[in-house]
Structure formats: structure tokens, C-alpha cells
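The structure appears right after this line, and notes come after that.
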Number of protein chains: 2
Amino acid sequence: MSHDLDQSVLNTLSQVSLFEGLTPHQLQIILQAAHHRHIPRHGYFFHQGEEATHLYVLLQGKARLTQITPEGQQVIIHLLGPGDPVAIIVVLSHAKYPVTARAHTHCDALSWERDSITRLMEQYGRLSLNGLKMVSERFLEMQDRYRELATERVERRIARALLRQINKPGNGRAAPHKITLSRQDLAEMTGTTLYTVSRTCSSWEQQGLITAGRGRITICNYTDFLNIAEDLPR
Amino acid sequence: MSHDLDQSVLNTLSQVSLFEGLTPHQLQIILQAAHHRHIPRHGYFFHQGEEATHLYVLLQGKARLTQITPEGQQVIIHLLGPGDPVAIIVVLSHAKYPVTARAHTHCDALSWERDSITRLMEQYGRLSLNGLKMVSERFLEMQDRYRELATERVERRIARALLRQINKPGNGRAAPHKITLSRQDLAEMTGTTLYTVSRTCSSWEQQGLITAGRGRITICNYTDFLNIAEDLPR
DNA sequence: TCCACTCTTTGCGCTAGCGCAAAGACAGCA
DNA sequence: TGCTGTCTTTGCGCTAGCGCAAAGAGTGGA
């Protein structure tokens, strides 16, 4: 790694939540232990069930974490964007990856070996505290999704999944909100089938709530979907 | 706190996973920041939606973490036993408790204020790494439960919930396995209704797989339930 | 530009499991 | 011990949503 590239990656690193609040010296040490990775579109970071060997931080691109059932059904656990860590759970001894991580677009990432990142986390409390915060946030979201799946009808769940996309950092606040997810994606995120998602979208389009497209949904009014999600009068 | 009580609690602390690997001196510092709490049976540690102010570690007794929906439905997120931390997510800034924590039996616990525990975690990398590991383990379980809820029929999910109880540390390995959970508890843990749990239990009892009782289920053969959970031939 | 593959929509039949109601059983407290 | 409240069981009617099939639309690569 050349000096200029180091500086550039250091700047990038300092803006990644996992590394927030660390000194430039600490960042330097952390970067020295990192490896640069390029994953092609549709390529895999790792597969579910494999020994967990590396932590990744996505620098550029989009990826997905999914779980596959023995029967071949797929559930989307999380969508990842730039700055997101991948597989913090590597710090668990003898952990296997509980999910498959696949690049949705071409991805640039940094990776750290398990022993390496574990040592760094033990050494730098702030680093592991940041990791704890990020896993906690994902855990909170999963708890909510579990509760929703257990207690709410499909329409509300789909509305919530759309709202979660809109609310992601970096996405614009102004309507219309363009969401590039297929019916199958939404189905895998909400525990239903693509047919049910399609029927729901068709119904919403007839009501003028969305503009539907292939792999795409445009939401006209955020509050409408908030009301659907919360089962409030529209 | 008298000297003897300190020593006794210190011994207890050193066996709590969250404090594993810390020096006696570090444990001393941590204990100095702790408060002792007694929660009566059916009493609350905290309620969902409240500002998250304290982390707790259960010393004795059993408790439950639940989420309640606006419609009054309840989902059991986690069952807690001695040594379990409660609300590690307090380290998130401005967090609200995402769940309600209620004592199932009389409980003894230690608590730490948010700022206090956050500072300790930043200071002692091992402490926050331990916290990260524990949240990660719970997160992994929730991921699995989500996938199961999204893709599996009720019978399998109930079988899995029973297996999880059997597999908890401290529970005997030898059949018969006694599980003290009501039909309603199991329903709240598996996203179904008490009627469906009851029907399933009746069916299993007729097949000689369990002995059913009020608030109780005794499992005769672990492997039978493994096969049900994995949808394998019996 | 054309073709193949994938995504989307819609009709339709089916069922797993929900939820109400009633009756019986059981545990805890006065 | 008796009573009350809660838990469990079972019958029954109902439906949300599954899943198959077919047709149409759209995208990407040669």
C-alpha cells in the first residue's frame, strides 16, 4: 500500500462508525492489520456455516446477509452499504458464519483476521464498545422485526420494510422515495411470498400510494406508509 | 457493603460471563460502581420505551424480556437466569429499553448506571468485548428464531423452543427433561397462540412423546424433538 | 437488434392456524 | 378447606396468505 493510498483509506476509516473516536495512531495500527478485498458483483464474502475467520468493513458497494434453510428458502437478514461492518460476531470463539454475505454490486472492503481484530478490540476499549453498539443496533432491529412477524399482517410488514429503507442514512428525506428492491427481496425481508408482495403492491398502486416498477417501488407519501405500518386510519 | 459480602459478591462476579477474564483489581473497581437490587416476584426491572438508564446483572432468580404491541400482544424475547446481563444496550446513546424486564421469581441483581458502565467498558477492553460476545450470541439466536418463524410450521417451532430450554447451561442432560413453561409462554416464544400450542402438546402426548401438565412439559426423548425440529423422519 | 432469462401480475384452489366459546382442571390464598 | 382465578383442552367456523400455473413485461448480453 502506497503512502497516498494509506492516507486516503485512513480518512475513510475515520468516518466508519466502528472506528469512531479512535486516535489517528490507533487507526494507523488498525489499518496495518487490514487486508484490502475486492468482491465482484454477485460474489461471496463468505458462506453460512463456514468457520468465521474474518471481519470485513465495506468501503464501497452494497451487499446482503441472508440465511438459507435446508429446504432452500432464503431470508434476508440485513442489507449492507458503505461503512457497514460484516461479521462482527467473528469475535466469538469457534464461531461459524450464521449467514451468507453476498455482494449485490461490486464491493471494496477491508478485512481483518479473527485473532487480529479480537486482540485490537481487547486493546482498544473504544473499538469493541463501538462494535458492541453496532451489533446492539442490529439486534434491536431484529427484535422488532421478530415481533412484527409474530404479530402483524403482511401489508404492515411490507410497509415497515419500505420505511426502513427510506430511513437509512444517506437516503433523501424528500418524497418521492425511490426504493430499488424486487418483490422477491421484499418477500425475503418480511417472511412472505413474492406473490403476496406483488398483490399488495398492485393494490397500493391502484390506490395511488406507490408507483410500481420492475425491481423498484416509488413511494409518494411517507406518512401514508407510517399509517399503514402502525395500522392507523388513513 | 461489609467486607464479607464484598468478597462473596466478588466471587460471584468472577463467574459471570460478562466479567470473565478481568483481573481481581478490575472486578473490585467494577463492583464499587455497582448497586444491589432486589426485585420481588412479578416486579419490573424496567419497562419497554423508558429511557435506558441502567445495566443489570442477574445474580439470582429468573426473569423475562418481553415486547408488547400496541394491540396488547406479548412476545417473549428472552428468558433470563443467574449470571445473565440485562440491557447491555444501555451503552447506546439515548437508548430506550426495547423490551420490558420482569422478574419471574424473586430476583437479586447488581445494577450500574449507564455512564458508569460505558466508562468502564471504554477503559477495560475485555469488559466491552465480553459484552459484545454476549449480545452477539443473543443476536444469533434471534436471527435463527426469525428465520424459523418466517419459514417453518408451528410444530417445528415449538419443538425448537423446547430444545432451546433443554440446552440452556445448567439444565440436566438426561431424559426425562422437565420444562416449566405454560402453553401461553410457549406461544409467546414461537409466534403462535396458546390454543395451537395446546393442540400440539395434546397430539404429542397421545404419541407418547411428552407428559403434559399445567405449566409444565416433560420430554421423554431428546432426539424425537430434534427430528421434529429438523423435519426429519421419526 | 434479438433472444433468453427473470421478474411481475393475476386467477384460483387450498389449508394451517387463528380466535371464540365452553367446559374442565389445578394452584394459590384466605 | 373452599373459593377464585387462571390455565388447559377441545369443538368449530373462518380467513389470510400460500403456492401453482399461466401470461405478459422488462432487462441485459451477444
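A note on names: the letters A, B, ... follow the listed sequences, proteins ahead of strands, and every chain is numbered from 1.
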- Length of the line joining A:L186:CG and C:dT9:C1', which is rounded to integer Å: 15 Å
- Summarise protein proximity over nucleotides 13-22 of chain C in one line of letters, 5' to 3': B for base, S for sugar-phosphate only, - for none, counting protein heavy atoms closer than 4.0 Å. ---SSSBBB-
- Send over the distance from B:Q184 CD to D:dT8 P, rounded to a whole Å. 9 Å
- Is there a donor-acceptor contact under 3.5 Å linking the side chains of B:N227 and B:Y222? no
- Message: Checking B:E205 now: which residues fulfil side chain to side chain contact (heavy atoms under 4.5 Å, CB included) with it, not counting sequence neighbours?
- Response: B:I210, B:T211, B:A212
- Item | Phosphate OP1/OP2 of D:dT6 contacted by B:S182 side-chain N/O (<4.0 Å) | no
- Note on the structure: To the nearest angstrom, the CG-P distance between A:L194 and C:dT6 comes to 14 Å
Side-chain donor-acceptor distances from residues 71-84 of chain B under 3.5 Å, at least two apart:
{"residue": "B:E71", "atom": "OE1", "partner": "B:T69", "partner atom": "OG1", "Å": "3.4"}
{"residue": "B:Q74", "atom": "NE2", "partner": "B:E188", "partner atom": "OE1", "Å": "2.9"}
{"residue": "B:H78", "atom": "NE2", "partner": "B:R138", "partner atom": "NE", "Å": "3.4"}
{"residue": "B:D84", "atom": "OD2", "partner": "B:G81", "partner atom": "N", "Å": "2.8"}

- Between B:E155 and B:T200, is there a donor-acceptor pair closer than 3.5 Å when you use the side chain of the first and the backbone of the second? no
- Task: Sequence neighbours left out, what passes salt bridge (charged side-chain N to carboxylate O under 4.0 Å, His left out) with A:D144? Give chain and number order.
- Result: A:R147
- Message: Does anything in residues 38-53 of chain A form a salt bridge (Lys or Arg N to Asp or Glu O under 4.0 Å)? List the pairs, not counting sequence neighbours.
- Response: A:E51-A:R114
- Task: List in chain and number order the residues that pass side chain to side chain contact (heavy atoms under 4.5 Å, CB included) with A:R102, two or more places apart in sequence or in another chain; answer none if no residue qualifies.
- Result: A:H42, A:Y44
- Can you tell me if the side-chain N/O atoms of B:S198 get under 4.0 Å from OP1 or OP2 in D:dT8? no
- Applying salt bridge (charged side-chain N to carboxylate O under 4.0 Å, His left out), name anything that partners A:R64, two or more places apart in sequence or on another chain. A:D185
- Message: Can you list everything that forms a ring pair (Phe, Tyr, Trp, His ring centres under 6.0 Å) with A:Y146? Sequence neighbours excluded, please.
- Response: none
- Query: With A:E152, which residues qualify under salt bridge (charged side-chain N to carboxylate O under 4.0 Å, His left out), at least two apart?
  - Reply: A:R156, A:R160
- Have a look at the helix from C:dT1-D:dA30 to C:dA30-D:dT1 and give the angle its two end axes make, five pairs each, rounded to 10 degrees. 60°
Distances for protein N/O vs nucleotides 23-28 of chain D N/O pairs under 3.5 angstrom?
{"residue": "D:dG26", "atom": "N3", "partner": "A:R214", "partner atom": "NH1", "Å": "3.3"}

- Task: Take the protein atom CH2 of A:W204 and the nucleotide atom P of C:dT10, then report the distance between them rounded to whole Å.
- Result: 15 Å
- Query: When you check the phosphate oxygens OP1 and OP2 of D:dC7, does a side-chain N or O of B:R183 lie under 4.0 Å from one of them?
  - Reply: no
- Distance in angstrom units between A:Q206 CD and C:dT10 C1', rounded: 11 Å
- For A:H106, which residues count as a ring pair (Phe, Tyr, Trp, His ring centres under 6.0 Å) partner, sequence neighbours excluded? none
